Amino acid sequence: MDAAAMKDEVARAALAHVESGMRLGIGTGSTAEAFIRALAGRVSEGLRIVGVPTSERSAKLCGELGIPLATLEDLPELDLTIDGADEVDARLRLIKGGGGALLREKIVAAASARMLVIADASKKVEHLGAFPLPIEVNGFGVLATTLAIEKASAMLGLSGSIRLRMVGDKPFITDGGHLIIDASFGLIPDPEALSAALHAIPGVVEHGLFLGLASSVLLAGPEGVERLGAA
Ligand SMILES: O=C(CO)[C@H](O)[C@H](O)COP(=O)(O)O
């Protein structure tokens, strides 16, 4: 089974967790987009849900496919968020933000009673950190913030390249108007300590460590869909 087929399979499996009447957080990325397409099929058959998208990109796709949408202002409490991830460990800790939507993804996940993560099995890791950690930062003083990230991570014994995310010759700009720094620390022995250290830096808006947010994970592999965590 190729990667696209695995994304479709896990997206279909996620539909079993969606019930009529739900207020649904809708993630960002290629796996989340496979879910949006599968969800649109159910909506066209009569499933009643309202979605709160985590990015302009997902909002656009949902709109094109006829999925009813609301904002988090309209619906500040959600039943379930379904989103992808760049890495997941056995404790359901995640790295997210490969698509640059981590801030809205985290706000929406935190506003949800449950977060269901969908991914292919290659995203399951023993230790987080092989995927560069995305850190969303304010554009003001980005060099000072980068230095502060270097110092804070060095205190935790972490080092590696810390780069501003670019699109061609221009910085990548998030939906919130911020920048992304991708930090290739390598394996992160204590994600909670790194999270706290990053949150203490004024220029850091948010980071891609999702700790204690995911309630369950569906992973598609050659043998089918495996579930980690509660139903
Ligand atoms: O966090 C994300 C976007 O900010 C995505 O969920 C993550 O990058 C996974 O994407 P994909 O499903 O395309 O592998």
Side-chain angles (χ1 to χ4, degrees), residues 1-15 24-39 51-62 72 80-89 92-112 114-125 128-137 164-167 171-184 188 191 195 198 204-221 225-226 228:
M1 205 189 304
D2 66 13
M6 283 197 261
K7 286 174 192 183
D8 287 340
E9 188 178 16
V10 79
R12 281 194 301 273
L15 283 177
L24 203 60
I26 296 180
T28 297
S30 56
T31 317
E33 284 175 13
F35 171 70
I36 292 170
R37 291 181 195 285
L39 180 66
V52 173
T54 53
S55 63
E56 301 299 331
R57 183 173 132 191
S58 291
K60 182 168 180 286
L61 182 61
C62 288
L72 207 52
L80 175 67
T81 284
I82 299 184
D83 200 351
D86 299 300
E87 284 187 348
V88 52
D89 74 5
L92 310 192
R93 298 179 296 187
L94 316 172
I95 286 184
K96 283 183 53 57
L102 66 101
L103 175 61
R104 291 191 186 183
E105 289 173 331
K106 200 178 269 191
I107 293 171
V108 168
S112 301
R114 288 183 297 133
M115 179 190 194
L116 173 65
V117 174
I118 52 174
D120 65 78
S122 69
K123 306 287 184 73
K124 187 177 169 189
V125 296
L128 299 177
F131 190 90
L133 178 67
I135 304 170
E136 186 155 346
V137 299
L164 189 64
R165 188 178 297 183
M166 305 292 287
V167 183
F172 174 90
I173 308 285
T174 68
D175 285 346
H178 306 124
L179 306 175
I180 299 265
I181 287 172
D182 289 305
S184 301
I188 300 169
S195 170
L198 292 174
V204 169
V205 178
E206 196 41 88
H207 59 69
L209 287 165
F210 281 49
L211 310 175
L213 285 170
S215 352
S216 43
V217 177
L218 298 178
L219 292 171
V225 175
E226 177 195 6
L228 310 178

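In this chain, residues are counted from 1 in sequence order. The structure displayed is predicted, hence computed values, not measured ones. Ligands are counted one by one from 1 in listed order, and the atoms in each one are counted from 1 as well. Because only heavy atoms are used, hydrogens play no part in the values below, and waters and symmetry mates are left out as well, while side chains stay in.
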So, does K96 use its side chain to make a donor-acceptor pair with the main chain of G84 at under 3.5 Å? yes
Judged by atom type as modelled, is there a donor-acceptor pair below 3.5 Å linking the side chain of E87 to the main-chain atoms of F131? yes
In terms of side-chain geometry, is the basic nitrogen of E56 or R104 positioned less than 4.0 Å from the acidic oxygen of its partner? yes
Shortest non-hydrogen separation from L218 to V10 and the atoms involved: O-CG2, 3.4 Å
Distance filter under 4.0 Å to T28 heavy atoms, resulting ligand 1 atoms: 2 (C), 3 (C), 5 (C), 6 (O)
With side-chain contact (heavy atoms from CB on, under 4.5 Å) as the test, would you mind laying out the steps for I173 and L179 before giving the verdict? CA-CA 5 Å; I173 308 285; L179 306 175; 3.7 Å; yes
Examine distances only and state if a side-chain atom of D86 and a backbone atom of G97 form a donor-acceptor pair shorter than 3.5 Å. yes
D83 heavy atoms within 4.0 Å reach ligand 1 at atoms 6 (O)
Regarding ligand 1, does A101 bring an N or O atom to under 3.5 Å of one of the ligand's N or O atoms? yes
Contact atoms of ligand 1, heavy-atom distance to G84 under 4.0 Å: 6 (O)
Any sub-3.5 Å donor-acceptor pair from S195's side-chain atoms to P191's backbone N or O? no
Quick check: G99 and ligand 1, any N/O pair under 3.5 Å apart? yes
Please state whether G27 comes within less than 4.0 angstrom of ligand 1, counting heavy atoms only. no
Mark up the atoms of ligand 1 that fall under 4.0 Å of a heavy atom belonging to K96, in ascending order. 1 (O), 2 (C), 5 (C), 6 (O)
Nearest non-hydrogen protein atom, atom 8 (O) of ligand 1: D86 OD1, 2.6 Å
Regarding atom 13 (O) of ligand 1: of the candidates S30, A85, A119, A11, which has the closest heavy atom? S30
What protein heavy atom lies closest to atom 12 (O) of ligand 1? Include the residue and the distance to one decimal. T31 OG1, 2.5 Å
Give the numbers and elements of all ligand 1 atoms closer than 4.0 Å to a heavy atom of E105. 1 (O), 2 (C), 3 (C), 4 (O), 6 (O)
Contact atoms of ligand 1, heavy-atom distance to K123 under 4.0 Å: 9 (C), 11 (P), 14 (O)
Give the atom numbers and elements of ligand 1 that come within less than 4.0 Å of a heavy atom of G98. 1 (O), 4 (O), 8 (O)
Distance-only side-chain donor-acceptor flag, D120 / S122, under 3.5 Å: yes
Any atoms of ligand 1 less than 4.0 Å from a non-hydrogen atom of G100? List them with their elements. 4 (O)
Could you tabulate the donor-acceptor pairs under 3.5 Å formed by side-chain atoms of residues 1-8, not counting sequence neighbours?
| from | atom 1 | to | atom 2 | distance (Å) |
| --- | --- | --- | --- | --- |
| D2 | OD1 | A4 | N | 3.3 |
| D2 | OD1 | A5 | N | 2.8 |
| K7 | NZ | S30 | OG | 2.8 |

